[in-house]
Amino acid sequence: MVEISLPGMDKNYDPKLTEEAIYRMWETGGYFTPTIDPQKKPFTILLPLPNANDPMHMGHAMFTVQDILIRYHRMMGDPTLWLPGGDHAGIETQYVFEKKLAKEGKSRFQFDRDTLYNMIADYVEQNKNINRDQMKRLGFSMDWTRYRYSLDPNIVATVLDTFKTMYNDGLAYRDARLVNYCTKDGTGFSDLEVKYDERIDPLYYMKYGPFTIATVRPETKFRDTALAVNPKDKRYKKYIGQTLEIMGLLGPIQMTVIPDQEVDPKFGTGIMKVTPAHDPHDFELGKKFNLPVTPIIDQRGKMDFSWFLSQNNIEPKYKERAEKYHGKKVAEARALMVEDLKADGLLVKVDEQYTHRVGMCYRCGSVLEPLPIPQWYIKTKPLAKKAIEAVKKGKTKIFPKKRFEKMYFDWMNNILDWNISRQIVWGPRIPIWYCLDCNPDIALSFLNAEHVKMFGTYKDFASTHSFDEIKHGIQTLSAPLKATYALTDGACTTCGGTHILQETDTFDTWFLSSQWPITTLGFPDSKDFNYFYPTSVLDTMWDILFFWVARMMMMGLYRTGKVPFEVVHLHSRVVDAHGKKMAKSKGNVINPIDMVGKYGADALRFALMFGAAPGSDIAISEDKIRGMRNFANKLWNIGRFIHMNIDAAKAEIPFYDDTRLQTVIDANDKQIISELNTLAVSVTKNINHYRFSDAAQSLYEFTWHQFADVYLEKNKDRFKAGDAQALSVLRHVYIILLKLIHPFMPFVTESIWGTFPRKHADPLIISHWPTV
RNA sequence: GGGCGGUUAGCUCAGUUGGCUAGAGCGUUUCAUUGACAUUGAAAAGGUCAUAGGUUCGACUCCUAUACCGCCCACCA
């Protein structure tokens with residue numbers, strides 16, 4: 001066996017020997033940083049900012065789509081910017097951090113607000129770079145000099161400014177409607193974040209005056225304020241408008257019967273109890289009929305009977321019951337009440353197998369409690385209107401259009417106001433200040449020196465604590481809806497006092513990220529903003545179309561009057577070899593970094609692009625990645641073959657375009673050149689149309705089965721004989737191929753590129769894209 | 001409840017406006033054994049394109065219905 005030795009080219013391509021050095025060469029060479037040239041239209045992509053605290057998963061590896069576009073445009077000569085960033089990911093990060101604390105036997109309640117915030121900040125700081133290094137390992141050609149973190153001071157400043165502008169425009173407001181509240185995590189959520197789960201719960205039929213009603217939530221009935229029936233329901237028509245006295249577990253209550261179209265006469269008994277404080281539908285109904293909102297569950301998910309117990313002359317039996325329920329968790333109290341209903345003969349029957357959908361906390365899985373808590377909202381209708389128009393007019397194009405444009409319009413048309421308040425510490429606080437002297441009823445919770453959680457109103461604490469103590473120890477401030485507030489952090493505009501406290505609600509993370517295109521580029525006036533906004537393409541998976549993309553459209557248009565991006569490209573979801581969603585619980589997760597270590601970044605990137613239609617899932621398996629590793633190796637060995645033959649020819653092989661060879665060309669050469677041109681045209685077209693799979697497949701097919709298997713095999717004798725024309729054509733086709741493949745497989749192509757003679761010393765990354 | 005997508009070779013999927021013997025990757029079978037690559041080469045097997053109708057000279061491709069799978073949205077107590 002004769003070993004062929006070529007300098008720098010082993011028999012097999014080993015990504016481990018090249019990738020790191022090549023990436024460093026690109027980065028230190030400054031090729032990721034665009035030169036601003038006012039004569040040229042830039043090409044810009046903002047990376048969908050990953051959670052700074054999370055390692056990469058396969059979904060992030062799909063950002064390869066962006067790198068392909070970026071590398072392609074860079075080679076086209078466009079000033080090209082791919083701007084990376086990291087997200088503080090409010091609730092996600094605080095949740096992960098609390099779990100970490102729990103493992104160490106600690107709880108967030110052992111720390112005051114500032115300390116907890118700083119601990120989380122340190123934790124994120126430690127993890128931030130893992131993510132960045134991993135993206136480098138995939139070869140992503142991002143401009144790291146422009147890396148942004150969502151809590152960078154200038155980013156936050158713009159976000160606060162947006163809030164103030166919206167507030168002054170009447171688009172940001174405070175209201176106490178029913179919010180999806182997780183009593184375990186202690187925060188409210190927006191409607192988008194609610195995860196609905198099918199559950200089987202008992203449906204209780206209970207006697208209710210002259211009626212029987214059905215409910216899954218008997219614990220809320222104490223604060224029912226009305227009964228609703230369908231106005232067309234003959235059975236109950238005569239009761240409409242009447243006020244009835246109904247016997248309950250705590251004695252008789254007064255109840256008015258009201259009409260409501262939406263009551264289904266066929267459901268249960270056709271009568272619905274109305275509980276405005278704990279049911280979204282009832283809340284709206286209550287507004288219509290002016291019913292009081294009377295909560296019976298508190299923010300910790302416990303029954304609150306203080307309204308009852310504070311009454312005079314309560315019958316001892318009822319007092320005993322109320323005391324028994326008071327302070328119990330919802331589920332526990334419900335069980336007790338069902339027992340008491342039985343005892344009183346009020347329970348008619350129980351349907352144990354009632355299935356319904358319940359709103360759950362997407363984070364911790366607890367049942368969400370709709371609670372009437374004041375929150376900050378964004379009025380979305382006027383913003384959505386413009387976002388719809390922009391897409392209709394084609395200012396922003398959504399791809400694949402067929403599937404996702406409809407989703408976009410449906411959501412925008414039915415949009416509800418956006419709750420941006422979160423009751424967590426990890427994030428910027430809403431820039432609103434309350435005067436404690438003007439609002440002595442503001443409820444405060446804070447930590448005293450012994451780390452004991454304390455609740456009370458400002459009035460309660462003012463006599464025993466200094467303002468400074470309150471200000472620094474405060475955990476949360478829950479101002480009643482009627483409390484007055486101001487945008488200023490100076491003196492109170494009403495009383496001139498300085499006992500003012502900032503809102504403790506922090507912004508929904510998505511409120512920050514919805515402004516990413518403007519905050520990262522330096523709105524309202526900076527060189528980058530003026531040059532790069534609007535960006536060219538926004539590429540992401542469809543799961544955050546509403547969370548992020550739609551909201552960026554609204555916010556970008558609101559602040560700048562221009563769309564934030566010209567194209568929205570929704571890439572495939574990565575699934576396992578059997579088309580199933582990857583999940584830790586299923587044990588089918590493939591770690592991208594492991595695959596890079598084993599087969600190289602190029603192999604993984606190519607596998608992710610190969611064989612998926614736009615908008616559909618992409619199945620990934622180790623077998624497939626290995627197959628693509630083999631392709632990289634094939635490409636590498638064609639390079640070795642060419643070197644070997646040129647070296648053996650012992651003559652200078654002219655550049656293809658320097659010679660008259662083109663006019664006296666051999667039929668075989670002519671054919672491969674023609675096929676190459678066809679390929680270059682189709683790859684270019686496919687990239688322009690976001691058909692990355694087609695581009696990848698044609699590159700694979702041409703390289704392996706046309707160029708290597710046919711042309712190269714057929715002309716081996718000519719190469720061996722040192723035929724200068726043949727060798728020139730061979731090398732030319734190969735060099736062009738390296739360029740065409742480079743956006744997909746940047747490492748192997750760049751490393752081979754370096755071994756060939758060329759007119760300019762430039763690396764492949766900034767070579768010129770082939771044009772025909 | 002409303003809407004969307006899918007159903008093509010053993011597996012995962014392409015098939016862009018209806019038109020040549022329906023393709024790829026992986027897997028399988030047979031042969032080749034080493035001056036580019038065994039991470040290879042040559043060849044092969046394997047599909048009533050979910051089902052039933054319809055439009056058309058012609059349907060994997062268009063229309064209707066059905067079945068199953070997946071996803072999104074929705075306040076049914």
Side-chain angles (χ1 to χ4, degrees), chain A residues 1-4 6 9-14 178 191-192 196 203-204 213-217 220-221 224 227-228 260 262-264 266-275 278-285 354 356-357 359 370 400 402-404 406-407 410-411 413-414 416 542-543 545-546 572-573 575-581 599-600 603 606-607 610-645 648 685-686 689 691 693-694 696-698 700-701 704-705 708-709 712-713 716 719-720:
Chain A
M1 173 174 169
V2 185
E3 264 303 327
I4 297 160
L6 285 165
M9 288 194 90
D10 291 336
K11 228 166 82 160
N12 290 328
Y13 171 62
D14 185 354
L178 287 200
D191 299 309
L192 267 182
Y196 286 92
L203 180 66
Y204 302 99
I213 59 154
T215 180
V216 281
R217 305 209 59 181
T220 62
K221 71 182 284 293
D224 292 353
L227 285 168
D260 177 20
E262 292 189 35
V263 174
D264 179 359
K266 291 191 209 80
F267 182 89
T269 54
I271 299 188
M272 189 181 84
K273 68 192 195 66
V274 184
T275 320
H278 296 292
D279 181 277
H281 173 259
D282 295 4
F283 184 81
E284 291 305 315
L285 199 61
Y354 177 66
H356 63 151
R357 295 170 68 75
K402 192 180 158 201
R403 180 132 155 240
F404 295 110
K406 193 178 158 33
M407 258 170 85
D410 284 353
W411 188 73
N413 282 320
N414 298 310
L416 298 170
W542 39 261
D543 61 340
L545 182 62
F546 306 145
S572 299
R573 180 179 64 167
V575 293
D576 75 3
H578 300 285
K580 295 275 178 286
K581 194 176 166 177
Y599 303 106
F606 214 75
F610 197 94
S616 68
D617 290 347
I618 173 82
I620 202 85
S621 64
E622 196 164 335
D623 277 347
K624 186 173 177 186
I625 299 167
R626 184 164 15 87
M628 297 308 153
R629 186 274 314 264
N630 296 353
F631 175 61
N633 189 59
K634 186 75 187 178
L635 189 65
W636 173 265
N637 271 290
I638 297 170
R640 291 183 79 222
F641 175 81
I642 295 171
H643 272 304
M644 193 191 82
N645 282 279
K685 195 177 134 207
N686 281 325
H689 292 88
R691 304 194 65 96
S693 177
D694 289 355
Q697 295 211 36
S698 59
Y700 184 101
E701 163 68 20
W704 204 318
H705 302 307
D709 289 349
L712 201 143
E713 291 296 332
K716 263 185 175 165
F719 304 142
K720 211 179 268 179

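Order of the sequence lines fixes the chain letters, A, B, ..., with proteins taken first and strands second; residue numbering starts at 1 for each chain. Every value quoted in this text rests on a predicted model; they were computed, and no experiment measured them.
- Taking atom P on both B/C69 and B/C26, the two are 32 Å apart, rounded to the nearest angstrom.
- Distance A/Leu545 CG to B/G3 P: 20 Å, rounded to the nearest Å.
- Across all strands shown, A/Asp264 has heavy atoms under 4.0 Å from base atoms, whether or not it also approaches the sugar-phosphate.
- Note on A/Lys716: a base of the nucleic acid sits closer than 4.0 angstrom, heavy atoms only.
- A/His278 comes within 4.0 angstrom of nothing in the nucleic acid, heavy atoms only.
- Going from the C1' atom of B/C13 to that of B/G3 covers 26 Å, rounded to whole Å.
- On the P atoms, B/G18 is 36 Å away from B/A74, given to the nearest whole Å.
- Atom pair A/Leu192:CG and B/C73:P shows a separation of 7 Å (rounding to whole Å applied).
- Rounded to a whole angstrom, the distance from the P atom of B/G19 to that of B/G53 is 24 Å.
- Among the heavy atoms of the strands lying under 4.0 Å from A/His356 are primed sugar atoms or P, OP1, OP2 only; no base atom is included.
- In this model, no donor atom of one side chain and acceptor atom of the other lie less than 3.5 Å apart for A/Asp694 and A/His689.
- The separation of B/A9 from B/A24, taken at their P atoms, amounts to 14 Å, rounded to a whole angstrom.
- The separation of B/A65 from B/G2, taken at their P atoms, amounts to 14 Å, rounded to a whole angstrom.
- A/Asp282 comes within contact range of no nucleotide atom at all, as no heavy-atom separation falls under 4.0 Å.
- We find that A/Arg626 and A/Asp623 are joined by a salt bridge, their nearest charged nitrogen and carboxylate oxygen being less than 4.0 Å apart.
- Straight-line distance between the C1' atoms of B/C31 and B/A38: roughly 14 Å, to the nearest whole Å.
- Around atom NE2 of A/His705, more than 12 heavy atoms belonging to other residues, nucleotides or ligands sit under 6.0 Å away.
- Spacing between B/C20 and B/C57 at atom C1', rounded to whole Å, works out to 16 Å.
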